[in-house]
A.B. asks: 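One structure is given below, represented as structure tokens, and several questions about it will come after.
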Amino acid sequence: MNISITLPDGSVLKKPAGVTPAQVAASIGKRLARDAVAARVDGVLVDLGVPLEQDAALAVVTLDSPDGLEVMRHSVSHVMACAVGRLFKGAKFGIGPAIEDGFYYDFDVGGALRAEDLERIEHEMALIVSEELAFERIEMPRDEARALMEEAGQTYKVELIDGIEDPVVALYNTGDFIDLCRGPHIPHTGKVGAFKLLSIAGAYWRGDSARPQMQRIYGTAFPTEEALAEHLRMLAEAEKRDHRRLGRELDLFSFDEEIGQGLVLWHPRGAMLREVIETYWKEVHRRHGYQFVATPHIASEKVYLRSGHIPKYEEMMYAPLMIDDQRYRLKPMNCPAHIKIFQSRLHSYRDLPIRYAELGTVYRYELSGALHGMLRVRGFTQDDAHIFCTPEQLVAEIEGVLDLVKEIMGAFGLGLRFYLSTRPEVYLEEATDEEWERATESLRLAMERKAIPFEVDEGAGTFYAPKIDVVPCDSLGREWEQGPTIQVDLNLPKRFKATYVGEDGKEHECILVHRAILGSLERFVGELIEHFGGWFPAWLAPEQVRVLPITDGHIEYARSVLRRLEETGVRASCDERNETMGYKVRSGTVDKVPYLLIVGAREVAERTVSVRSHDGGDEGAMPVDGFAGRLRTEIETKQLPAGLRGGT
Ligand SMILES: [Zn+2]
Ligand SMILES: [Zn+2]
């Protein structure tokens with residue numbers, strides 16, 4: 001009997017029932033057969049060897065697709081487990097999924113693995129690849145699989161099987177390694193691409209610190225050696241730029257056990273960097289018609305009950321403080337306070353739009369395991385703003401925020417991707433369908449009017465608002481986890497009865513837009529450190545210039561140069577230490593000061609400075625005023641490093 005197989009291009013092949021996707025691929029072409037790693041049959045990802053018994057839509061999945069890469073990486077995790085099983089007798093296996101950029105597998109080998117073990121395991125993996133062992137899929141009754149795993153001493157697998165409800169489970173056998181696994185997998189181990197094991201970390205079984213600690217090995221794999229090498233180069237670069245390391249080296253910030261986890265201590269250089277960003281942020285916001293407000297760090301619980309934060313977000317709020325028998329909370333969000341300022345007087349439609357902005361510090365609970373340098377902390381300052389407007393003003397207001405996003409992110413040389421996040425499956429029912437629709441369409445229309453290309457992220461809005469999410473992309477091409485957000489709130493105006501008096505003399509509900517551009521200043525600065533690799537452009541650098549006198553005899557002139565620069569508002573210092581020039585230049589480079597000015601006998605005589613810049617290297621001597629003028633222009637125009645200019 002023949003079946004019809006519909007290919008992605010719409011063409012239909014007649015094949016005998018029982019044909020496998022691998023055979024179909026081979027009948028189409030040698031190349032497709034070679035590159036195939038799995039298949040999608042009626043949308044479901046399956047092995048190439050699965051027989052097709054009825055009419056089906058078939059897409060052959062190749063290694064160059066995201067699906068194919070994931071199947072291959074997951075297969076490499078099995079190859080790694082197979083190697084560990086050979087090298088460590090009695091090893092017990094946890095789980096081993098593909099993850100973004102690679103894979104991992106958790107092992108219990110009765111002790112800690114060492115870095116040297118990775119090499120041995122990689123070597124064994126290479127052997128397994130050369131053996132071209134088949135990934136054999138076996139389906140069996142759950143109880144039988146459980147007995148098999150129990151017999152093999154695989155207690156973690158037994159626990160996993162106990163959690164499965166299906167009466168039949170799938171196993172994959174590779175040589176002498178058998179694993180509980182849904183699959184699919186590549187046909188045989190020879191189809192593995194270029195791989196590298198990266199690191200070992202302790203990981204509790206099922207993330208539970210009361211359970212045994214296992215050894216998690218992380219690795220990565222790519223279709224080609226070149227792609228792997230490029231990825232490893234990127235990892236090394238990211239490691240060099242790690243903001244936690246640079247934060248220490250550049251003396252920007254620290255954390256202290258006694259102060260508490262996830263609470264940032266900004267050192268003078270870090271605080272200066274933050275101050276420069278805040279000053280810029282305020283200048284832009286003033287220009288765009290925002291008014292600044294300031295609100296307290298704690299508030300009575302009443303306001304968070306009314307806003308809905310306690311019912312919805314209590315797990316990320318800190319425990320109540322008792323003041324005069326009243327429960328207070330550390331502020332998790334600025335919105336209720338801004339609404340209260342808005343409501344402190346009556347507003348007519350003529351007052352709108354009103355835009356309140358605040359660099360508001362908020363406190364949110366994060367699990368200690370989730371804390372990560374400046375990127376995930378427990379107290380942070382949001383560049384928050386709330387816009388109160390009429391429905392007619394909404395689109396123009398969103399357009400204004402989009403302008404602001406582009407201007408501010410552009411000043412830092414960040415690339416931007418825009419997403420329209422629509423109503424999620426679980427949403428607030430107080431708002432009508434028309435209100436959701438209108439808010440979503442306003443966001444869409446604003447982006448269209450600004451000719452901003454965007455993608456729709458279906459269902460990714462919050463339960464109270466559709467939103468525009470903007471994803472910044474840094475100099476290494478990495479997408480930041482959080483970026484600018486613009487949300488049309490369908491909840492708070494109702495809960496707080498935020499209204500204005502319309503042209504008709506009647507009360508109308510306000511439209512409320514929440515928006516943050518930098519997001520958390522802590523996170524933003526952490527990301528910025530990595531984006532620039534610590535080499536901040538002159539406009540941002542905490543120390544823009546360092547003057548280096550060659551000997552004590554040149555200190556007086558060096559000080560006059562310093563004074564001249566400071567008069568023009570430049571952040572500069574003078575290295576008067578009795579050290580060699582080589583030492584002073586190295587130390588200026590370690591501190592990543594954009595400009596080092598060397599002054600010796602010749603410079604004193606000619607009233608010049610010899611300029612060494614990060615961007616341009618040794619630039620030779622120039623008059624002090626000439627340098628100061630050039631630097632002022634560079635700072636005023638917020639000039640970026642060569643590679644980032646015209647970033648967005
Ligand atoms: Zn698996
Ligand atoms: Zn808000």
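Side-chain atoms are counted along with the backbone in the values below, which use heavy atoms only and exclude waters and symmetry mates. Counting starts at 1 for both ligands and their atoms, following the listed order. Note that the numbering runs from 1 along the sequence shown for the chain.
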A.B. asks: Ring centroid separation for Phe412 and Phe524, is it under 6.0 angstrom?
C.D. replies: yes
A.B. asks: Could you label the plane-to-plane angle of the His185 and His74 rings as parallel, tilted or perpendicular, counting under 30° as parallel and over 60° as perpendicular?
C.D. replies: tilted
A.B. asks: Please report whether the ring centroid of Phe388 lies less than 6.0 Å from that of Phe342.
C.D. replies: yes
A.B. asks: Strictly under 2.8 Å of the Zn ion (ligand 2): which protein N/O/S atoms qualify?
C.D. replies: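 Correct list: Cys335 SG, His386 NE2, His514 ND1.
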A.B. asks: Are the aromatic ring centres of Phe135 and His188 under 6.0 angstrom apart?
C.D. replies: no
A.B. asks: For Arg417, look at atom CZ and say whether over 12 heavy atoms of other residues, nucleotides or ligands are found less than 6.0 Å away.
C.D. replies: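 Counting neighbours around CZ of Arg417, 12 or fewer heavy atoms of other residues, nucleotides or ligands fall under 6.0 Å, so no.
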A.B. asks: Return the set of protein N, O or S atoms whose distance to the Zn ion (ligand 1) is under 2.8 Å, each given as residue and atom.
C.D. replies: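 Metal shell, protein only: His74 NE2, His78 NE2, Cys181 SG.
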A.B. asks: Ring centroids only, cut at 6.0 angstrom: are Tyr356 and His386 within range, meaning strictly under it?
C.D. replies: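 Distance test on ring centres: not under 6.0 Å, no.
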A.B. asks: Is the Tyr104 to Tyr218 ring centre distance short of 6.0 Å?
C.D. replies: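 Yes: the rings meet the under 6.0 Å criterion.
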A.B. asks: Give a yes or no on whether a salt bridge exists between Arg73 and Glu70, defined as a side-chain N under 4.0 angstrom from a carboxylate O.
C.D. replies: no
A.B. asks: Please name the residue in the list Tyr105, Trp205, Phe93 that meets the ring pair (Phe, Tyr, Trp, His ring centres under 6.0 Å) test with Tyr156.
C.D. replies: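 When ring pair (Phe, Tyr, Trp, His ring centres under 6.0 Å) is applied between Tyr156 and each of Tyr105, Trp205, Phe93, only Trp205 qualifies.
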